[in-house]
Every structure is written in C-alpha cells, then in structure tokens.
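Below you'll find the structure, written out as structure tokens, and then a few comments.
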Amino acid sequence: MQKKIQGNLFCFLLFLWCCSHTYGQSTLPYFTFNQPDTKEFLYLESATMILVDSTGSLGKDEILLPANRDRFIPFDNWLLKLENRCPGWRNLDCPVYWIVTNLQNGLDYPKDFFYAIGYLYSDEQTSWVQRGNGEEEVYRAGFHVPLSQLQAEIQDACRIHNRLRAYFHFELEGQERVLVLSRLQHTSSDWLHLSPRIGTNKSMSAEVKRYYPEQWRSIFIQGGLWIIILFYLFSFVLNRRLEFLFFIGYNLCMMITFLYLGDLHSFFFPEQPKVIFIIFNLAVALIPFTYAGFLYLFLNVPEHLPRLKRYFILMMGLSLAVGAGIMVHTWLSNEWFKVLLFVDKFLIFSLFPLVVFIVEALRNWQEEFRYFLLASGFLLVGGLCYTLLNAFGDSELGDVIIQFAVFGEMLAFASGLGYKGRQRDYERARLESIDQVKTRLYTNITHEFRTPLTVILGMLDNIKGYENVRGIIRRNGLSLLRMVNQLLDLSKIDAGSAKLELVHGDVVAYLKYLTASFDSMAATKNIQIQFRANPQGIEMAFDEVKLQHVIYNLLSNAIKFTPAGGVIQVVVAAESLKNQPYLNFSVQDNGTGIAAEELPHIFDRYF
C-alpha cells in the first residue's frame, strides 16, 4: 500500500465538497457496507458515477472541480449514456474513464475491503482513496501493471484470476466515509466491461476458490500434453521423422492455448503480462500450420489423398502469414484483445476444411485413417460443445469440454503414430527376411555357376586351333566369372562378412593400368580416354580387386553412354579432409548423363 498524506486545508475542503455536492443532475449517495459475513461481492452502481475523458488530458485535481461535475453521469445504464457522450468509443476514441464512488463502513469496527471496477483485462487503473482527515492513498491495478507493483494482498488473487478484474485493497475504520476516485485507461479493445464492486476477505477467498477446480483440471491436461511432447521429442531425436516434429508443434500450440482457457497464463511472465498474450496469439495462429503439416505426413497425402495436397499447402501458408501478421501487429499496437478475437475466428474458420478431409478419407480408405477419424470426432464434438456453451453463457463448461476433447484427440493421434510405427517395424522385418532369402538364393546360384565356368575356361587350354573362337570364349567366360564373383562379394557384403585384402603400392600406377585396359573398347567408338593424376605417384594401402570392380563399373558405363567422338576423363588426386589424407578419383564424360529425378536411385539394386 502506498500512502501519501496531504495535510493542507485545500485538500480537506475539496474532499468535503466531493462528499456533499452533486455530480451532474443526481446526488451521489453513499454505499453503506453492513454485511460482515457476506461471501459475495456487492455492486456499487447506485453510489458510483462515470466521466468520459475523450482526450485523456484531465488530471486528478481537475476532475473534481465544479467545472467538470456536470460531465459525470450516473452508473446505471452507463453504456447507453456512453454512446451519447462518446459515439466513437468502440473505435477507442475515448481511452480514459473516471469513476467516483462514495463508500461508508457501516460497521462499528475496522474492516478490510477489496474494490474492483474493471472486468476482462482493464489496461491500467490508478485509484485514490480520499479520507475525511485529509489523508489520501494511491493504488495501481490493471492488466498492464507488473505484478510486483500491485499490492501484496492481491498479487495471489490476480495471478489466480488471471487479472480478470483490477482489484485493490484498503481498510476503513468503523463508520468511516471515503471517496474513491479512479482513472481507468483502456486502449486494447472495444470490449469495455465496467462493474464496480466491493467485498471482504471472505468474498475474495470465495472468488479465488471458485477457480481452483478449473485450474486443477487444466493442470491435469497440461501434464498429459507434456508427457506426449517429451515422448515424441525423444522419438524424433532417435528416428528423425518429420511428422513427429509437426505433432510436437501441434501439442505445444494447444498447450499454450490451454494456459489461457484453463486460467493458468498469469503464472507466466507476471511482470510482462502482454508477452503471454503475444505467445498465445501466435500459438493459436500456428495451430492450422502444425495440424495441416502433421496430417499431411500422417495421412501420406501425396500418395493417398493427392487431390487435397494443394489445400494442405494453402492452409499451412495462410497460417504462417497470419502468424507473421499477428507478431508485427501485436508488437506495434496495444490492441492485443482485438487480435485475440481475430485469431479465435481464424481458428474456427480453419476447422471447416476438416470436414473435407474427413470426406476424402472415407472415400480413399486406409487402415491408419481410422485414427484420424477418431481424433477428428473428438475435435468436432468438443468444438461444437464449446461454441454452443459459449453462445448460451456457460463458457467455463465449454472450456473444460474442449480441453478434454483435444486431449482425447492427441491420444488418438498418438495411438495412430504407434500403429504406423508397428507397421513400419513389421514391414522392415518382412523385407529383411525376404532379402536374406534372396541373398542365400543368389549365393547358391552363383556357386553353381562358378563351377561349370571354371571347367569351361580350363578346357579351353586343351583345344588346339580356332584361336579367334577361343579368344571370344575366354573373354566372355572371364567376364561372366567376374560377374559371378561380384555377386558372391555382394552376398558377403550383405552378410557383413566381406573383408578388405589390402596391399601397399602406387595406386596411381594401378588405376592407370586399369584405365589403359579399356583403350581398345573405347577405340571402337572413337572415344578418347584421358588419365590425369596429381601427384603422379601416391603410395597407399588399397584392395586391388574391389578397386578394380569400381573402375570397371564406372568406365564401362561411361563408354556405354558416351556418344562416338566423345571424351572420358579419369582424374586422380590426393586431398585432405579434416586433417586426414584421402584419395579422390572421378570418371567424367560428355555423354547423356543421368536424369535429375533418377539420381536418388543410382545406388538402388538393379537400377
């Protein structure tokens, strides 16, 4: 509590005038409090008047001068009267309001009171409690006031109430009369709800306790969402699946949204309450982006729902654009409540494409779509209940239902991701089993091929004459034997039993020898093979057979796809990577090349 004693005669006379003179056309009576056991807040409209300060230039002392007293209007039907005094108030043309209330403690003993004027996030409020002995106390309240600047008696209540009301606390002696003057600044929205009330410690305790069940339900939902987020964050680290990342983002956006719906957001950034609303508005705007991105991958839209692909992309782009606009507008303007109303409407609008997704999913049924339909059922039923209950005035029950509905949606999607994971594991095990069968089959076949080939090549030495025929048979037999050996090597690689047979020597000389063996083949197509090395000799350990397989594969393909008169370059160089020496050799040609869309498949078998 901040007290300021003004003992001059002028202030004392001014207070007596305020308490005894008229405001406008009506005498302002006192509200006498005489219900010590009440647990309700009592309304003060009969003892309260309001003045609209359209310029915001009036000060405290000026507002109580006789020249301004006719500008006060009684508080009953104040909104209708406000339309006449300030027609543009909904456009924030009247940012400042002055409220004056006469109070009396009708009890014979001192009593603590809690006084509130604004409801639903009054921006900033300064109140003066003027006593008959000339003392004056100043209090601050309102949404934009840091929590540490509020009275200690109301900080916990403001945190639990999420600053829904601008409270302050003071004490009155028995039968004491005071005048309460408040300056209310409101520039964040056209939703102005003034409801002057007064209560006691019992009233405040009852009001705070009313929020406990809803907050504990929200804490339960928040805990469940955090478990899902942490589980899939760990899964994403292990598997690097993008759909996990979008699912985490969708859960985060919903979790931040529920901080507001569950009356928990005032526990975050208490010194900068505007920040949580910036985060909240951004989270709501990004819900369609994370939701559409997750569904795009979860439903495998390009393969199963190709007609909807452009709608998903449009939805994600629109959500990002709205999010960027919200960030810019919220930082540059105080109208955060208008942004809040806008993102609520945008979120409701973004639910309409969900019906189209459901229809398309039913038309193109896949097994995993059942989880999407179950999750969509939770979301649609919860959203419908939330909308109807808010329309009929039961917003608290609507908030509870939508939170549990979304939590059910998340569990359905999590079950779907688990199902897809099990399907991937089953398919992977099935393919590995098939691959093992094929590997054993290839190994057996190649062993059966190699025996007769070896016999054929051995019998060639016993045949006399027919040199050309023998040469052709030998060349093709050796080529076929080499391919059989490669198949055997491939089976060893698949089995993990392949070993390097290293020799130490000049790798440049060996590569040059291998390249020269293709000169005759290249000459038949008038293709020139150029060999360049830097340096000219490189001593290192290498596997002759495996290096031979690599060079044969590259050069044979280069000759095959290079047109007549072309050039093939074999470039060998010694380089360094992370302070480690390594050999870099490449085969380049001016042939047709490989199409860009086929490049990802060049290491696939049988491509």
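Owing to the predicted nature of the structure, the values given are computational and were not obtained by experimental measurement. Values below: every heavy atom of this structure, side chains too, minus hydrogens, waters and symmetry copies.
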> To the nearest 0.5 Å, what is the distance between CD1 (Ile248) and CG (Leu225)?
Replying inline: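 Nearest 0.5 Å value for the CD1-CG distance: 12.5 Å.
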>> Could you measure the distance from the CZ atom of Phe247 to the OG atom of Ser235? Nearest 0.5 Å is fine.
In response: 10.5 Å
Could you check if a side-chain atom of [X] sits within less than 4.5 angstrom of a side-chain atom of [Y], using non-hydrogen atoms only?
| X | Y | answer |
| --- | --- | --- |
| Leu554 | Val570 | no |
| Val587 | Ile568 | yes |
| Phe585 | Ile551 | yes |
| Asn364 | His304 | no |
| Val567 | Gln530 | yes |
| Asn251 | Trp226 | no |
| Tyr250 | Ile287 | yes |
| Leu314 | Arg310 | no |

Taking [X] for its side chain and [Y] for its backbone only, find out whether a donor-acceptor pair lies under 3.5 Å.
| X | Y | result |
| --- | --- | --- |
| Gln222 | Met255 | yes |
| Ser319 | Ala285 | yes |
| Thr515 | Leu511 | yes |
| Lys525 | Pro563 | no |

> Phe357 and ring-ring contact (aromatic ring centres under 6.0 Å, His included): which partner among Phe312, Tyr296, Tyr311?
Replying inline: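 Per the ring-ring contact (aromatic ring centres under 6.0 Å, His included) rule, the option paired with Phe357 is Phe312, out of Phe312, Tyr296, Tyr311.
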> When Phe246 is tested against each of Phe289, Phe298, Phe236 for ring-ring contact (aromatic ring centres under 6.0 Å, His included), which residue passes?
Replying inline: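 So, applying the ring-ring contact (aromatic ring centres under 6.0 Å, His included) to Phe246 and each of Phe289, Phe298, Phe236, only Phe289 qualifies.
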So, for [X] and [Y], which heavy atoms are closest and what is the spacing to 0.1 Å?
| X | Y | value |
| --- | --- | --- |
| Ile538 | Ala573 | CD1-C, 4.4 Å |
| Val507 | Met540 | CG1-SD, 3.6 Å |
| Ile529 | Ala522 | CD1-CB, 3.7 Å |
| Met521 | Ile559 | SD-CD1, 3.9 Å |
| Val508 | Ala533 | CG1-CB, 3.6 Å |
| Tyr291 | Met315 | CD2-CE, 4.5 Å |

>> Given Phe244, which partner from the list Phe234, Phe294, Tyr232 fulfils the side chain to side chain contact (heavy atoms under 4.5 Å, CB included) test?
In response: Tyr232
> Run the salt bridge (Lys or Arg N to Asp or Glu O under 4.0 Å) check on Lys546 and Glu501 step by step: do they pass?
Replying inline: CA-CA 9 Å; Lys546 293 179 175 57; Glu501 302 293 339; over 6 Å; no
> Can you list the residues that meet the side-chain hydrogen bond (donor to acceptor under 3.5 Å, both in side chains) rule with Glu575, with sequence neighbours excluded?
Replying inline: Tyr582, Asn584
>> Phe542 vs Leu583, test: side-chain contact (heavy atoms from CB on, under 4.5 Å). Steps then yes/no.
In response: CA-CA 10 Å; Phe542 58 92; Leu583 179 72; over 6 Å; no
> Within 45° of the six-membered ring axis of Phe372 and under 6.0 Å from that ring's centre, is NZ or CZ of Arg370 located there?
Replying inline: no
> Taking it one step at a time, do Tyr552 and Phe518 satisfy ring-ring contact (aromatic ring centres under 6.0 Å, His included)?
Replying inline: CA-CA 9 Å; Tyr552 275 21; Phe518 283 86; 5.1 Å; yes
>> Heavy-atom count check: over 12 atoms from other residues, nucleotides or ligands less than 6.0 Å from Arg307 CZ?
In response: no
> Between Arg428 and Asp425, is there a salt bridge with N-O shorter than 4.0 Å?
Replying inline: yes
> Under the side-chain contact (heavy atoms from CB on, under 4.5 Å) criterion, do Leu380 and Leu384 qualify, and how do the steps go?
Replying inline: CA-CA 6 Å; Leu380 288 177; Leu384 180 63; over 6 Å; no
>> Applying side-chain contact (heavy atoms from CB on, under 4.5 Å) to Val572 and Phe531, what does each step give before you reach the verdict?
In response: CA-CA 8 Å; Val572 183; Phe531 183 89; 3.9 Å; yes
> Excluding sequence neighbours, so at least two apart, what forms ring-ring contact (aromatic ring centres under 6.0 Å, His included) with Tyr419?
Replying inline: Tyr371
> Can Arg424 and Glu243 be said to form a salt bridge (Lys or Arg N to Asp or Glu O under 4.0 Å), step by step?
Replying inline: CA-CA 14 Å; Arg424 281 193 297 269; Glu243 68 180 325; 3.7 Å; yes
